[in-house]
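Notes for the one structure printed next.
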Amino acid sequence: MELACGLAGEVVRNFGEVRLRVLGTSMVPSVLPGDMVLIQRAALQEILPGEIAVFLREGRLFVHRVVERKKMFVAESVDEELCLITRGDRQRDCDSPVNSSELLGRVICIERNQREIKVSPNKMIRLTARLLQTSDRATSLYLRLATFSRITFLRRSKCPV
């Protein structure tokens, strides 16, 4: 897995974008396991709060929403450096700050059931995310319903599951 994440990072850095399937649940309900995301290279100063950033840390890829941009002191430097504060939509706590060396880019497209989903969350998504933050059981139920919905869609469109 670490090798695949590193390869995805190299593709973004060298070619500007990559399309990946999401496996985790930290961004439910905005991004579901199995969704495809199109990641486009972007500099730290180009990414705004509300956007979904993609960063590589400890051999893992993270796809989390930017909560804030702020200048912080970094251990290796005397100067302040711009960092992103991120958090999965379903998570209560923020990640440790993302610096420019970890950042790969931003999500510009989410594909689910062969349809494009808006990247920016609406009020219903935000409300659902708040509910899912409070309960793993509610998240499990939500994911089961989403899987059922996906299977039903594929059967109706006569695509093999």
Side-chain angles (χ1 to χ4, degrees), residues 1-9 11-12 17-42 44 47-70 72 83-99 102-161:
M1 185 62 105
E2 190 172 327
L3 182 62
C5 292
L7 180 60
V11 170
V12 171
E17 44 183 62
V18 69
R19 195 168 167 244
L20 297 173
R21 186 168 307 280
V22 174
L23 302 176
T25 60
S26 65
M27 284 296 291
V28 171
S30 300
V31 183
L32 301 178
D35 285 353
M36 296 294 288
V37 292
L38 179 59
I39 302 161
Q40 187 175 64
R41 180 178 52 220
L44 205 124
I47 298 179
L48 299 172
E51 291 188 282
I52 300 174
V54 181
F55 56 98
L56 184 59
R57 180 178 285 163
E58 298 173 6
R60 291 182 53 208
L61 279 175
F62 292 85
V63 177
H64 284 175
R65 193 166 310 278
V66 176
V67 176
E68 179 182 6
R69 286 188 331 179
K70 66 189 211 179
M72 302 182 74
C83 294
L84 298 177
I85 307 301
T86 60
R87 180 178 65 226
D89 285 357
R90 194 178 89 75
Q91 296 177 324
R92 293 181 191 163
D93 300 322
C94 291
D95 306 311
S96 55
V98 178
N99 62 43
E102 297 172 310
L103 181 69
L104 296 179
R106 66 165 68 98
V107 172
I108 60 167
C109 178
I110 302 167
E111 185 182 310
R112 180 180 306 143
N113 297 336
Q114 303 166 349
R115 293 181 310 204
E116 190 174 310
I117 306 295
K118 286 189 175 189
V119 176
S120 58
N122 59 33
K123 286 182 182 179
M124 189 60 170
I125 292 286
R126 284 194 291 264
L127 182 63
T128 304
R130 293 266 186 228
L131 171 68
L132 298 180
Q133 284 175 348
T134 64
S135 169
D136 287 340
R137 194 174 252 167
T139 300
S140 178
L141 178 61
Y142 183 89
L143 290 172
R144 285 184 193 157
L145 290 171
T147 301
F148 176 76
S149 172
R150 183 175 281 163
I151 291 170
T152 303
F153 172 81
L154 292 173
R155 286 187 180 147
R156 284 188 192 150
S157 63
K158 305 217 188 290
C159 292
V161 179

Inset, instruction - Spell out, as yes or no, whether a donor-acceptor pair under 3.5 Å connects the side chain of Ser135 to the backbone of Leu131. - result: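 Between the backbone of Leu131 and the side chain of Ser135 there is no qualifying donor-acceptor contact (under 3.5 Å).
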Inset, instruction - For Ser26, check side-chain contact (heavy atoms from CB on, under 4.5 Å) against everything at least two apart and list the hits. - result: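 Ser26 satisfies side-chain contact (heavy atoms from CB on, under 4.5 Å) with His64, Gln91 only.
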Legend entry - Partner residues of Leu141 under the side-chain contact (heavy atoms from CB on, under 4.5 Å) criterion, sequence neighbours left out: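 Here the qualifying residues are Leu145.
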Taking the side chain as every heavy atom from C-beta outward, state whether [X] and [Y] have any pair of such atoms under 4.5 Å apart.
X	Y	answer
Leu84	Phe55	no
Val22	Met27	no
Leu20	Val18	yes
Glu111	Glu116	no
Leu48	Arg69	yes
Ile85	Pro97	yes
Asp35	Ile117	no
Ser96	Arg57	yes

Inset, instruction - Could you check Val54 against Val37 for side chain to side chain contact (heavy atoms under 4.5 Å, CB included), going step by step and ending with a plain yes or no? - result: CA-CA 10 Å; Val54 181; Val37 292; 5.8 Å; no
Legend entry - Contacts of type salt bridge (Lys or Arg N to Asp or Glu O under 4.0 Å), residue Arg106, not counting sequence neighbours: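 If we apply the salt bridge (Lys or Arg N to Asp or Glu O under 4.0 Å) test to Arg106, skipping adjacent residues, the hits are Glu51.
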Legend entry - Ile47 side, atom CD1; Leu103 side, atom CG - distance, nearest 0.5 Å: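 CG of Leu103 is found 4.5 Å from CD1 of Ile47.
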